[in-house]
Amino acid sequence: MLHIKIVCVGRVREKYLIEGIREYEKRLRAYVRLEFVETADLAIPSQAGLKICEQIRCQESDGIRARIKESDYVVLLDRLGENVSSEGLAALLDERALHGPARIVFVIGGSLGVDEALRRQADWVWSFSALTFPHQLMRLMLLEQVYRACKIRAHEVYHK
């Protein structure tokens with residue numbers, strides 16, 4: 001069974017997001033082994049300059065890197081990444097299940113993104129859109145897309 005690990009910065013506090021995440025975790029149990037890991041979300045001072053923001057981005061990225069193994073297939077979610085269809089994501093999951101490491105790690109950075117070293121470490125940089133989304137909401141959106149891809153892989157019907 002494919003193992004999917006989602007490493008994200010910060011915690012989800014909004015009840016409606018928590019409920020949605022739990023629903024998709026439940027749905028995904030039939031298709032993948034799912035693991036969530038949250039790392040520290042560092043406070044950004046209101047008058048933070050570029051140097052302070054870069055330090056925070058690096059510290060948060062270090063926390064993410066500490067939870068990734070060398071053998072993992074790392075997918076970084078970033079608005080500047082590559083766009084892919086739901087069928088394309090299903091094909092990626094198939095490829096990883098058949099030929100790659102059994103564990104895919106999806107990375108959702110904090111509000112400042114991730115540092116360049118983590119970006120280079122990623123095997124693939126994936127964009128949902130050129131729009132910017134709150135990183136807490138991205139967890140739910142990611143789970144829905146992974147679920148959709150699993151349904152496609154299993155040749156099962158899912159709403160369009």
Side-chain angles (χ1 to χ4, degrees), residues 1-14 17-18 20-21 24-25 28 31-44 48 50-153:
M1 179 175 276
L2 193 61
H3 180 182
I4 293 180
K5 181 176 182 176
I6 300 173
V7 179
C8 14
V9 174
R11 298 182 55 103
V12 175
R13 291 178 177 76
E14 294 84 359
L17 290 175
I18 292 169
I21 289 167
Y24 280 102
E25 285 177 321
L28 280 164
Y31 303 98
V32 298
R33 193 173 71 176
L34 185 64
E35 176 185 1
F36 265 103
V37 176
E38 295 176 335
T39 65
D41 186 9
L42 303 175
I44 305 168
L50 292 175
K51 185 175 181 178
I52 297 294
C53 287
E54 184 59 25
Q55 288 173 342
I56 291 170
R57 187 176 13 258
C58 288
Q59 287 178 311
E60 288 180 344
S61 295
D62 288 344
I64 294 168
R65 263 190 296 282
R67 287 147 178 96
I68 297 172
K69 294 180 181 177
E70 192 173 317
S71 61
D72 291 336
Y73 185 85
V74 179
V75 177
L76 172 64
L77 277 66
D78 187 283
R79 66 184 185 89
L80 299 177
E82 178 183 353
N83 290 310
V84 68
S85 66
S86 296
E87 292 81 8
L89 180 60
L92 172 79
L93 296 182
D94 276 341
E95 167 69 23
R96 294 293 96 205
L98 293 173
H99 303 293
R103 185 164 80 169
I104 300 173
V105 177
F106 289 95
V107 173
I108 302 172
S111 58
L112 296 174
V114 299
D115 66 12
E116 196 55 38
L118 184 53
R119 178 180 292 287
R120 285 191 307 271
Q121 183 179 350
D123 294 289
W124 182 45
V125 181
W126 176 26
S127 173
F128 272 46
S129 166
L131 298 171
T132 302
F133 298 103
H135 55 276
Q136 294 88 357
L137 179 59
M138 282 306 303
R139 296 178 202 197
L140 179 57
M141 293 170 62
L142 172 61
L143 288 176
E144 192 283 331
Q145 285 301 304
V146 169
Y147 178 68
R148 183 180 297 274
C150 288
K151 296 291 274 186
I152 291 168
R153 289 178 68 215

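Heavy atoms only: backbone and side chains are in, while hydrogens, waters and symmetry mates are out. If you're wondering where the values come from, they're calculated on a predicted model, not measured in any experiment.
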Within-4.5 Å side-chain heavy-atom neighbours: Val114 and Glu60: no
Give, for atom CG of Leu17 and atom CE of Met141, the distance between the pair rounded to the nearest 0.5 Å. 11.0 Å
Going by side chain to side chain contact (heavy atoms under 4.5 Å, CB included), Val75 matches just one of Asp123, Ile104, Leu142. Which one? Ile104
When you compare the side chain of Leu2 with that of Tyr31, does any pair of heavy atoms fall below 4.5 Å? no
Shortest non-hydrogen contact between Ile44 and Ser111, atoms and distance: CD1-OG, 3.4 Å
From the options Val37, Val105, Leu118, select the one residue that forms a side chain to side chain contact (heavy atoms under 4.5 Å, CB included) with Ile64. Leu118
Among all residues two or more places apart in sequence or in another chain, which pass the side chain to side chain donor-acceptor pair (under 3.5 Å) test with Ser127? none
Please list all pairs passing the salt bridge (Lys or Arg N to Asp or Glu O under 4.0 Å) test where one or both residues lie in residues 75-92, with sequence neighbours left out. Asp78-Arg119
Criterion side-chain contact (heavy atoms from CB on, under 4.5 Å) on Leu143 and Phe36, from CA distance to verdict: CA-CA 11 Å; Leu143 288 176; Phe36 265 103; 3.7 Å; yes
Quick one: CG on Asp115 to CD on Glu54, what's the gap to the nearest 0.5 Å? 6.5 Å
Please name the residue in the list Arg103, Gln121, His3 that meets the side-chain hydrogen bond (donor to acceptor under 3.5 Å, both in side chains) test with Asp72. Arg103
Got a second to check how far Arg57's CZ is from Leu42's CG, nearest 0.5 Å? 12.0 Å
Could you pull out all residues at least two apart from Phe128 that satisfy ring pair (Phe, Tyr, Trp, His ring centres under 6.0 Å)? Trp126
Do Asp62 and Arg65 have side chains that approach each other closer than 4.5 Å (heavy atoms only, starting at C-beta)? yes
Donor-acceptor under 3.5 Å (Lys5 side chain, Arg67 main chain): yes
